[in-house]
Amino acid sequence: MKIETKKSWLTAIVLLCLSALTIGYLATVFLAQRQEEPIYPGPGVTEIKMLSDWYPGLKDTAGDTEVYVLKGAKEGDSMLVLGGTHANEPSGLVAAVLLIENAVVEEGTLYVIPRANNSAMTCTDPQEGAPTRFTISTPNGDRWFRFGSRATNPVHQWPDPEIYVHATSGQRLSGSETRNLNRAYPGRTDGNFTEKIAYGVAELIRQEDVAIEMDLHEASPEYPTINAMVAHEDAMLLANSAIINMALEGVSIGIEPSPTNLHGLTHRELGDFTDTYALLMETSNPSQGRLRGRTDSEMVVTGKDKFYVKAAEYGRLYVPYDEAGHPISMRVARHICGVTQVAAAFNELGLGNLVMTNIPSYAEMEGDIGPYLAPPAA
Amino acid sequence: MEIELIVFLVMLGVFLLGNFLFKLPVSLSMAAGAVAGALVAGEGIPLRHLFEGTFVYMDTILIISTAMVFMTVIQESGALEALNAVIVSKFYKVPAVLLVLLMFIIMFPGMITGSSTAAVLSAGAIVAPILLQMGIPAPQTGAILAIGAIMGMAAPPVNIPAMLIGGGVDMPYIGFEGPLAFLTIPGAIFTVLFIGLRYCKNLDYEKIKGGLDLEIGKKYGIKLYIPIVVIVVLMVACRMLPNLIPNLGMPLIFMIGSAVGLFTGKRFNAVKAIREAMKTTVPVLGKLMGVGMFIQIMTLTGVRGYIVINCFGFGLVVLYAAICIVMPAFGAVSSYGAASVLGVPFLLALLDTGDQVVIAAALSFICSLGDLMPPTALAGNYAAQIVGEKYSKVLRYCVIPFIVCVLFGLFTLLKSRSLGFLT
C-alpha cells in the first residue's frame with residue numbers, strides 16, 4: 001500500500017504556510033528563553049556591575065553578564081564565585097543566586113557571577129530532551145530558573161570547527177568543545193566569543209586581585225570526578241582544610257588535584273595564569289546523565305531517576321544513589337557549604353581575611369532551600 | 001513491561017509501518033515514529049523537541065550539501081576522468097599495491113576532517129571510477145568506498161568519536177595515534193583486498209584503456225586538478241596551522257574548491273548540474289532530520305536511558321556483546337551520538353580492565369562503524385550514490401569486513417593492557 005500524494009501548487013502552498021506558522025511559533029518559544037530569571041539582590045549586595053566593566057570587548061554582547069559585588073565594611077581579601085559556567089548544571093546557578101540574596105560580607109569582597117556563560121542560558125542542547133525551565137518552591141511562591149545548554153548558544157558562536165585547538169596549550173578536543181566556557185580559559189581577546197568571556201573572567205580576577213575563585217559545577221552520577229573539590233596545586237592546602245571543615249558539617253566530599261595535562265578549565269588555567277587560588281566543585285546531577293530516564297523539570301529538582309537506582313545496583317556509579325535521589329536542595333547546599341568553608345579555611349590558614357555572614361548552614365538547607373530564596377515579586 | 005519499552009516499540013512500529021507498508025520516505029516515517037512515541041509517553045506533540053532534535057545535524061547537512069556540489073563540479077569538469085586515467089595507467093601492473101594505495105586516498109579526507117561523509121564524497125568520488133575501471137562491480141566498489149571512508153574517519157590524527165569519548169571522562173586526546181593506526185590500517189587493507197583483489201588480479205590494460213579518457217588530461221593539463229589540490233591544501237593547512245590560518249570549515253572549503261573547478265576544465269551548465277546533485281541528496285538530508293527528531297524523543301521519554309541501562313545489567317560478557325552490537329547499531333542514529341551516549345559509560349565501565357587510551361580508541365573505532373547502519377548509513381548511502389547503486393546492495397558487501405572490524409575492535413578491547421605500548 002502506497003500513500004499517493006497529489007503534487008500541486010495548492011499542496012505546496014498549504015505545506016509552506018503550515019511550516020511558516022510552526023517556525024513562527026517555535027521562534028517565540030526559542031526567544032522566550034532569553035528572558036532572565038529574576039534575582040533579588042540581598043542586604044549584602046553593594047553594587048551590580050557587568051563583566052564588560054573588566055573587559056569592554058564584551059559590552060553589548062550576549063556574553064556580557066551581571067557581576068554582583070558584596071563588599072564588606074572592612075578591607076580584606078576577595079573571592080569570585082562562578083555559577084552557570086555550564087547552564088545545564090543548575091545547582092551552580094541556584095547556589096550563586098542564594099549567595100546573592102543572603103550573604104553579607106563583613107571583611108573583604110565577594111564577587112558572584114550567577115550566569116558565567118550568559119549565552120548558554122538562552123538555549124538547550126539538541127537531542128538531550130531537556131526542559132527549558134524548572135521551579136523551586138519557596139514559602140511565598142515558586143521561583144523559576146532556566147535550564148540551559150552546556151555550551152554557548154550557536155546563534156552567538158557558529159559554526160564549530162571539526163577540532164577545537166586550545167589556544168595556549170595546543171590541546172585538541174572535539175569541535176563542540178569550542179563553545180564550552182570551561183575549556184576556553186584563560187581566554188584571549190582575539191579568540192572566539194567564548195574565549196572572550198573566559199578572558200573577561202580572568203581579567204576580573206587579575207584587576208581585582210581576587211584571592212579565591214570557585215567554579216560551581218555538576219556532573220552525572222556515573223562520572224568519576226563527582227562530589228569533589230578539584231584544586232589547582234597552589235590551592236591544595238586550602239582545599240584540604242576546607243573539605244575537613246565540610247566533613248565536620250556532615251558533607252562527604254573528595255579532593256582531586258587539577259590534572260596538569262587537561263587544559264582550558266578554571267582550576268587549571270586560572271591557577272596558572274592568575275594569582276588566584278583556583279577551585280572547582282562538582283555535585284551529582286542525574287538530569288544531565290547518560291543513563292537517565294524521562295527528562296523533565298521534576299527530575300532537575302528532585303534528582304530522582306529509576307534508571308540511576310538500577311545503575312547503583314549494578315555498581316556503575318561513583319556516588320551512592322537510591323530512591324531518594326539527589327535533590328537540588330542538597331546539591332545547592334553542598335556548593336554553599338563549600339564556599340563558606342573555603343573562606344573559613346582561608347582565614348584559618350592565615351592566607352588572608354574574608355568574613356561572610358548570614359549564609360545558611362548545610363543542615364539548614366539540605367532538606368529545602370526554598371526558605372532561603374527571596375520571595376518572588378508579585 | 002516498562003513504559004519506556006512500550007514507547008520504544010511504538011516508535012519502531014510506526015516507523016516500520018510508515019516506511020514499509022505505506023512506502024513513506026524514511027524521513028517522514030521517522031518523524032511519525034517520533035510523534036507517536038511522544039503521544040504514548042504522554043508528551044502530546046512536543047513541537048519544540050521535534051524541531052530541536054533536527055538541529056544536531058545542521059553542520060553535517062551543510063557539509064553533505066557542499067560536498068555534493070564539489071563532487072558534481074569535478075565530475076563535470078573532467079578532473080575525475082583525467083585522474084582516473086593517470087592512476088590506472090601508472091599502477092595497473094601491481095593491482096594489490098594499487099588497491100591499497102587507492103584505499104589510503106579514500107581514507108585521507110576522513111583522517112584530516114574526522115568525517116566519513118567528507119571522505120566518501122571527496123576522495124571516494126575520485127577513486128570510484130578507477131575501481132570500476134579495474135573491473136570491480138559497482139556494489140563492491142561502493143562497499144570499499146564506504147568502509148574506506150569509515151576507516152579514514154577513525155584513523156589518526158583526527159578521530160572525533162575518540163575525542164567525544166575522551167572528553168566525557170576528561171581524558172585528553174593524547175596518545176591515540178598508535179592505537180587508532182593499529183585498528184584502522186589493518187581494517188582498511190583487509191577490506192580492500194578482500195573485496196577487490198579477486199576482480200583485478202590480472203588486469204588487462206589494453207581492455208581497460210578503451211574506457212579511459214586519455215585525452216582530457218592532455219587537453220587541460222595540470223590545471224584540471226587545481227580544485228582537488230585546493231581542497232587538500234585548505235583541509236591540511238587549517239588543521240596543521242590552526243593559529244595562522246582561520247578555520248574555514250568544510251562547507252566553505254568545498255565551496256571554494258567548487259568555485260575554482262568551474263574554471264579549470266570542461267565548460268558545463270553549473271546551475272543545472274548542481275540542481276541535479278541537490279535533488280539526489282535531499283532525501284538523505286531529510287533522513288538525518290527525521291533521525292534527529294527520533295533520538296530527541298527517545299531521550300525525552302527515557303527510551304535512550306532504558307537502552308543504555310539495559311546494556312549494563314548483565315555483567316562483563318553481555319557488556320562486551322552490547323559494545324559490539326548496540327554501539328554500532330546506535331550509529332543508525334549517529335556514530336557521534338553513539339560515542340557520546342554509549343561510548344562514555346562503556347569506557348567508564350571498562351576503566352579497570354586495561355589501558356584506558358587503547359579502550360577509548362577501540363570503542364571509538366567500533367562507534368565509527370555505525371556509519372554503515374541503515375537507515376542513516378551515511379557512508380553507505382553516499383558510496384551507493386557515487387557508484388549508482390541501491391545502498392542495500394552496497395551494504396551487503398560491507399557485512400564481512402564490518403564483522404571482522406568489530407571483532408578486531410573487540411580483540412583490542414580485551415587485550416588493551418598488552419597493547420598499552422601503542423599509546
Side-chain angles (χ1 to χ4, degrees), chain A residues 1-3 22-23 25-26 29-30 123-132 154 158-165 167 169-178 180 183 220 222-225 259 261-263 265 289-296 305-308 310-311 313-316 318, chain B residues 4 21-24 41 47-49 51-56 58-59 62 113-115 157-158 160 163-164 166-174 238-239 242-243 247 249-251 292 295-302 304-306 308-309 312-313 334 336-337 340-342 344-345 348-349 351:
Chain A
M1 184 165 103
K2 186 173 181 180
I3 294 177
T22 309
I23 290 167
Y25 163 71
L26 290 168
V29 173
F30 181 71
C123 66
T124 43
D125 292 319
Q127 298 200 340
E128 288 301 321
T132 53
W158 183 84
D160 294 338
E162 288 80 25
I163 306 299
Y164 166 51
V165 182
S169 66
Q171 169 188 265
R172 292 182 303 167
L173 293 167
S174 72
S176 58
E177 297 287 15
T178 310
N180 181 348
R183 298 295 180 276
S220 47
E222 71 272 23
Y223 179 73
T225 306
N261 62 352
L262 187 60
H263 291 278
L265 296 97
R290 292 167 175 85
L291 315 182
R292 70 181 189 270
R294 178 189 284 266
T295 310
D296 54 21
D305 183 72
K306 62 180 179 181
F307 294 153
Y308 273 106
K310 271 191 185 177
E313 287 164 10
Y314 298 154
R316 299 290 178 195
Y318 287 84
Chain B
E4 289 81 7
L21 191 63
F22 297 114
K23 308 285 182 206
L24 288 172
L47 276 181
R48 173 178 83 85
H49 289 293
F51 197 68
E52 186 177 277
T54 63
F55 271 80
V56 87
M58 186 81 172
D59 293 2
L62 284 174
T113 64
S115 159
V158 175
I160 292 175
M163 290 178 177
L164 289 168
V169 294
D170 283 348
M171 178 193 287
Y173 188 67
I174 297 169
C238 289
R239 197 68 68 241
N243 294 325
N247 177 57
M250 289 307 298
I295 192 167
Q296 176 106 359
I297 299 302
M298 281 174 69
T299 314
L300 176 73
T301 56
R304 191 182 85 172
Y306 175 83
V308 178
I309 197 68
F312 286 115
S334 153
Y336 292 173
S340 173
V341 174
L342 295 168
V344 174
L348 289 169
L351 278 181

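Convention: sequence-line order gives letters A, B, ...; per-chain numbering from 1. Just so it is clear, the model here is predicted, and its values are computed rather than measured.
- Annotation: salt bridge (charged side-chain N to carboxylate O under 4.0 Å, His left out) contacts of B:Glu52 (sequence neighbours excluded): B:Arg48.
- Chain B forms the most heavy-atom pairs under 4.5 Å with one residue out of A:Glu222, A:Arg172, A:Gln171, and that residue is A:Arg172.
- Of the listed residues B:Ile160, B:Thr54, B:Asn247, the one with more heavy-atom pairs under 4.5 angstrom with chain A than any other is B:Asn247.
- Heavy-atom distances place no part of B:Ile297 under 4.5 Å from chain A, backbone and side chain included.
- With a 4.5 Å cut-off on non-hydrogen atoms, A:Phe30 does not touch chain B at all.
- With a 4.5 angstrom heavy-atom cutoff, A:Tyr308 does not touch chain B via any of its atoms.
- Partners of B:Ala41 according to the side chain to side chain contact (heavy atoms under 4.5 Å, CB included) rule, which considers only residues two or more places apart in sequence or in another chain, are A:Arg294, B:Val7, B:Glu43, B:Thr301.
- At a 4.5 Å heavy-atom cutoff, the contact between A:Pro131 and chain B is made by backbone atoms alone.
- Among the candidates B:Leu47, B:Leu348, B:Ile309, the residue making the largest number of heavy-atom pairs closer than 4.5 Å to chain A is B:Ile309.
- Contact of A:Arg316 with chain B is made through the side chain alone, with heavy-atom distances under 4.5 Å.
- With hydrogens and angles ignored, the 3.5 Å screen pairs a side-chain donor or acceptor of B:Thr299 with a backbone N or O of A:Gln127.
- Within the model, atoms NZ of A:Lys310 and OH of B:Tyr306 stand 6.5 Å from one another, a figure rounded to the nearest 0.5 Å.
- A distance of 3.5 Å separates CZ in A:Phe307 from CD in B:Glu4, rounded to the nearest 0.5 Å.
- For the set A:Val165, A:Asn261, A:Ile163, A:Leu173, the entry with the most heavy-atom pairs within less than 4.5 Å of chain B is A:Ile163.
- Interface remark: A:Thr132 contributes backbone and side-chain atoms alike to the contact with chain B (heavy atom separation under 4.5 Å).
- Contact annotation for A:Asn180: neither backbone nor side-chain heavy atoms come within less than 4.5 Å of a heavy atom of chain B.
- B:Leu62 touches chain A through its side chain: at least one heavy atom from C-beta onward sits under 4.5 Å away, while N, CA, C and O do not.
- To the nearest 0.5 Å, atom OG1 of residue A:Thr295 and atom CD of residue B:Gln296 are 9.5 Å apart.
- Using a 4.5 Å cut-off between heavy atoms, B:Met298 does not touch chain A at all.
- Counting heavy-atom pairs under 4.5 Å between each of B:Ile295, B:Leu300, B:Val308 and chain A puts B:Leu300 at the top.
- Only the side chain of A:Tyr314 has a heavy atom closer than 4.5 Å to any heavy atom of chain B.
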Legend entry - side-chain contact (heavy atoms from CB on, under 4.5 Å) evaluation trace for A:Thr22 with B:Phe51: CA-CA 9 Å; A:Thr22 309; B:Phe51 197 68; 5.6 Å; no
